[in-house]
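Below is one structure, written out as structure tokens; comments come after it.
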2 protein chains.
Amino acid sequence: MSRKSPSETGPLPDLQCLCANLRRAARLVTQLYSQEMGPWLEPAQYSLLTALNMINTSGQAALGRILGLDKTTLSRNLKVLQRNRWIELAESKDRRERGYRLTAEGKAILARTNPGWQRAQERLRAALPPGEWETLMSTFRRVAEAALAADVASGGPSVGREKA
Amino acid sequence: MSRKSPSETGPLPDLQCLCANLRRAARLVTQLYSQEMGPWLEPAQYSLLTALNMINTSGQAALGRILGLDKTTLSRNLKVLQRNRWIELAESKDRRERGYRLTAEGKAILARTNPGWQRAQERLRAALPPGEWETLMSTFRRVAEAALAADVASGGPSVGREKA
DNA sequence: GGTCGTTAGTTGCATATACAACCAATATCA
DNA sequence: TGATATTGGTTGTATATGCAACTAACGACC
């Protein structure tokens, strides 16, 4: 597969932009997980399926907030899962909501992917300084919250960042 | 635009998956930057343009490695920049290579976007605990390298992770 | 100089991502 | 109750992302 030769594993250059820096890390980590989890379930789908499995969501809105996903992205991503028969529609009182729940196949694929997911986690943990893992997990969440807070702060209804 | 109401800025739930955790942060941070930088230049394009501006790349391969981008992604992203007249082809001895260089317009748009980029950086920095910024910048790079190393370690030609 | 493996990029395909604009249903309130 | 605002989702459009498969050009070797 011509994965880069060992000599090219050299250090990555610093990126001054935190966003670029973060996105690069996300891309590379995603590939690692994707590789371990196999071709059946992509990392994004795995997250979505897992989240859906945890909270028996009534609607997509809550799910989107949990994952920091735009509602339109979520809507389409769910459609892929549905097409694969991993989730199915679930009624709700509020007829606006279109919640989904895992099917048996959904739970099966999740179970089948779990070992690979575990391997990915362990490999990354092993590639990090000891004790770093726990720090990272909370750091990422904190960064996400920071971005969210900053976003809300300026995106509020009364704070106009002129549109025209 | 109905940006989430302040009350919904509450803490995000923990995600057990480092990948999901990282990707969520990347999405939210990307949105923050996108918002500040304006509609002319998306964060991904900004990174690419900046990288291209730094190193006067002869080819795409080096650029891809720097940004952790697949060559096919890079190829297409560059096309978008070219269509916008921000970059132009640059010859090279090796006729396989298709390197690009910034045009005057490319440098102009970069300059025009810089203030917004600065604002995004500062806002995120302000939303983080003091001193955290520097830690994050190196952490992200280290994680990227860790993922890359782990990837190479297993993706090698001789190490088969059975396919069937 | 021809053969062969490697390297550089592109194209087909599929998913992920989000904004603007839209529709549907609910909630609010006079 | 009826007008209005809000909330929940979908669709059109465009970019981002990567895998498999391909072509083109280079390099090494005999």
Side-chain angles (χ1 to χ4, degrees), chain A residues 1-5 8 20 23-24 26-35 38-39 41-48 57-65 67-84 89 92-100 151 155 157 163, chain B residues 1-5 8 20 23-24 26-35 38-39 41-48 57-65 67-84 89 92-100 151 155 157 163:
Chain A
M1 185 99 44
S2 91
R3 223 63 190 124
K4 312 187 183 336
S5 66
E8 304 189 51
R23 287 168 62 87
R24 178 176 64 182
R27 279 191 296 267
L28 293 172
V29 167
T30 298
Q31 298 214 36
L32 170 61
Y33 276 72
S34 175
Q35 178 187 327
L41 199 55
E42 289 300 307
Q45 301 174 341
Y46 180 81
S47 314
L48 186 45
T57 322
S58 32
Q60 301 178 17
L63 200 52
R65 184 169 121 23
L67 295 173
L69 269 176
D70 186 85
K71 59 183 182 176
T72 69
T73 301
L74 189 52
S75 177
R76 283 179 235 258
N77 290 2
L78 285 170
K79 242 172 233 159
V80 175
L81 298 190
Q82 187 186 29
R83 176 159 17 100
N84 286 46
L89 264 171
S92 116
K93 298 182 234 304
D94 192 330
R95 259 176 307 171
R96 288 171 298 185
E97 292 184 341
R98 284 176 66 80
Y100 289 90
D151 204 24
K163 161 74 71 49
Chain B
M1 192 146 344
S2 89
R3 223 62 192 125
K4 315 188 183 331
S5 66
E8 303 190 51
R23 286 168 63 86
R24 178 177 64 182
R27 280 192 294 268
L28 293 172
V29 167
T30 298
Q31 298 213 37
L32 170 62
Y33 277 72
S34 175
Q35 178 188 325
L41 200 54
E42 290 300 307
Q45 301 174 342
Y46 179 82
S47 313
L48 187 45
T57 323
S58 32
Q60 301 179 17
L63 201 52
R65 184 170 120 24
L67 296 173
L69 269 176
D70 186 85
K71 59 183 181 176
T72 69
T73 302
L74 189 51
S75 177
R76 281 178 237 258
N77 290 2
L78 285 170
K79 243 173 233 159
V80 175
L81 299 190
Q82 188 186 28
R83 175 158 19 99
N84 286 45
L89 264 171
S92 114
K93 298 182 233 304
D94 193 331
R95 257 176 307 171
R96 286 171 301 183
E97 293 184 341
R98 286 175 65 80
Y100 289 90
D151 204 23
K163 163 75 70 52

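Naming: A, B, ... by sequence-line order, numbering from 1 per chain.
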Euclidean distance, atom [atom1] of residue [X] to atom [atom2] of [N] [Å, nearest integer]:
X	N	atom1	atom2	answer
A:Arg76	C:dT15	CZ	P	13 Å
B:Gln82	D:dT15	CD	P	14 Å
A:Lys71	D:dT6	NZ	C1'	11 Å
A:Arg27	D:dT17	CZ	P	5 Å
A:Leu63	C:dA16	CG	P	14 Å
B:Gln45	C:dA18	CD	C1'	13 Å
B:Asp70	D:dC19	CG	C1'	7 Å
A:Leu48	C:dT15	CG	C1'	12 Å

Where the side chain of A:Arg96 meets the backbone of A:Gly59, is there a donor-acceptor pair that is under 3.5 Å apart?
->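 Side chain of A:Arg96 to backbone of A:Gly59: no pair is present.
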Which pair of non-hydrogen atoms, one from B:Ala26 and one from A:Ala26, has the smallest distance, and what is that distance?
->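 Minimum heavy-atom separation between B:Ala26 and A:Ala26: CB-CB, 4.0 Å.
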Return the minimal non-hydrogen interatomic distance between B:Leu74 and B:Gly64, and the atom names on each side.
->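 Looks like CD2-N, 3.3 Å.
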May I have the step-by-step check of side-chain hydrogen bond (donor to acceptor under 3.5 Å, both in side chains) for B:Thr72 and B:Asp70, ending in yes or no?
-> CA-CA 5 Å; B:Thr72 69; B:Asp70 186 85; 2.7 Å; yes
Would you mind classifying the nucleic acid contact of A:Leu74 as base, sugar-phosphate or nothing, using non-hydrogen atoms under 4.0 angstrom?
->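 No contact at all - A:Leu74 keeps every heavy atom at 4.0 Å or more from the nucleic acid.
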Given that A:Asn84 and B:Arg98 both sit by DNA chain C, which one's nearest nucleotide is further toward the 5' end?
->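 Its nucleotide being nearer the 5' end, the pick is B:Arg98.
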Where each residue is assigned the nucleotide of DNA chain C containing its nearest heavy atom, which of A:Asp94 and A:Ala44 is assigned the position nearer the 5′ end?
->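 First, find each residue's nearest nucleotide; the 5'-ward one identifies A:Ala44.
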Look at [X] and [N] and indicate whether a side-chain polar atom (N or O) is within less than 4.0 Å of OP1 or OP2.
X	N	value
A:Gln31	D:dT17	no
A:Asn77	C:dT15	no
B:Lys93	D:dC26	no
A:Arg23	D:dT17	yes
B:Arg95	C:dA8	no
A:Gln60	D:dT10	yes

If you take atom types as modelled and just measure distance, does the side chain of A:Arg65 reach the base of D:dG8 with a donor-acceptor pair under 3.5 Å?
->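 Under the 3.5 Å cut-off, the side chain and the base do not form any donor-acceptor pair.
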Indicate, yes or no, whether a donor-acceptor pair under 3.5 Å links the base of D:dG18 to the side chain of B:Thr72.
->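 Yes, a donor-acceptor pair under 3.5 Å.
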Which of the following nucleotides, D:dT6, D:dC26, C:dG9, is nearest to the side chain of A:Arg96?
->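 Given the options D:dT6, D:dC26, C:dG9, the side chain of A:Arg96 is closest to D:dT6.
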Between D:dC26, D:dT10, C:dT10, which one does the side chain of B:Lys79 approach most closely?
->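 Looking only at side-chain atoms, B:Lys79 lies closest to C:dT10.
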Worked verdict on B:Leu48 versus B:Leu63 for side-chain contact (heavy atoms from CB on, under 4.5 Å) = CA-CA 8 Å; B:Leu48 187 45; B:Leu63 201 52; 3.8 Å; yes
Closer to the 5' end of DNA chain D via nearest nucleotide, is it B:Thr73 or A:Gly59?
->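 By nearest-heavy-atom nucleotide position, the 5'-most residue is A:Gly59.
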To the nearest 0.5 Å, how far apart are CG in A:Leu69 and CG in A:Leu78?
->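 Going from the CG atom of A:Leu69 to the CG atom of A:Leu78 covers 9.0 Å.
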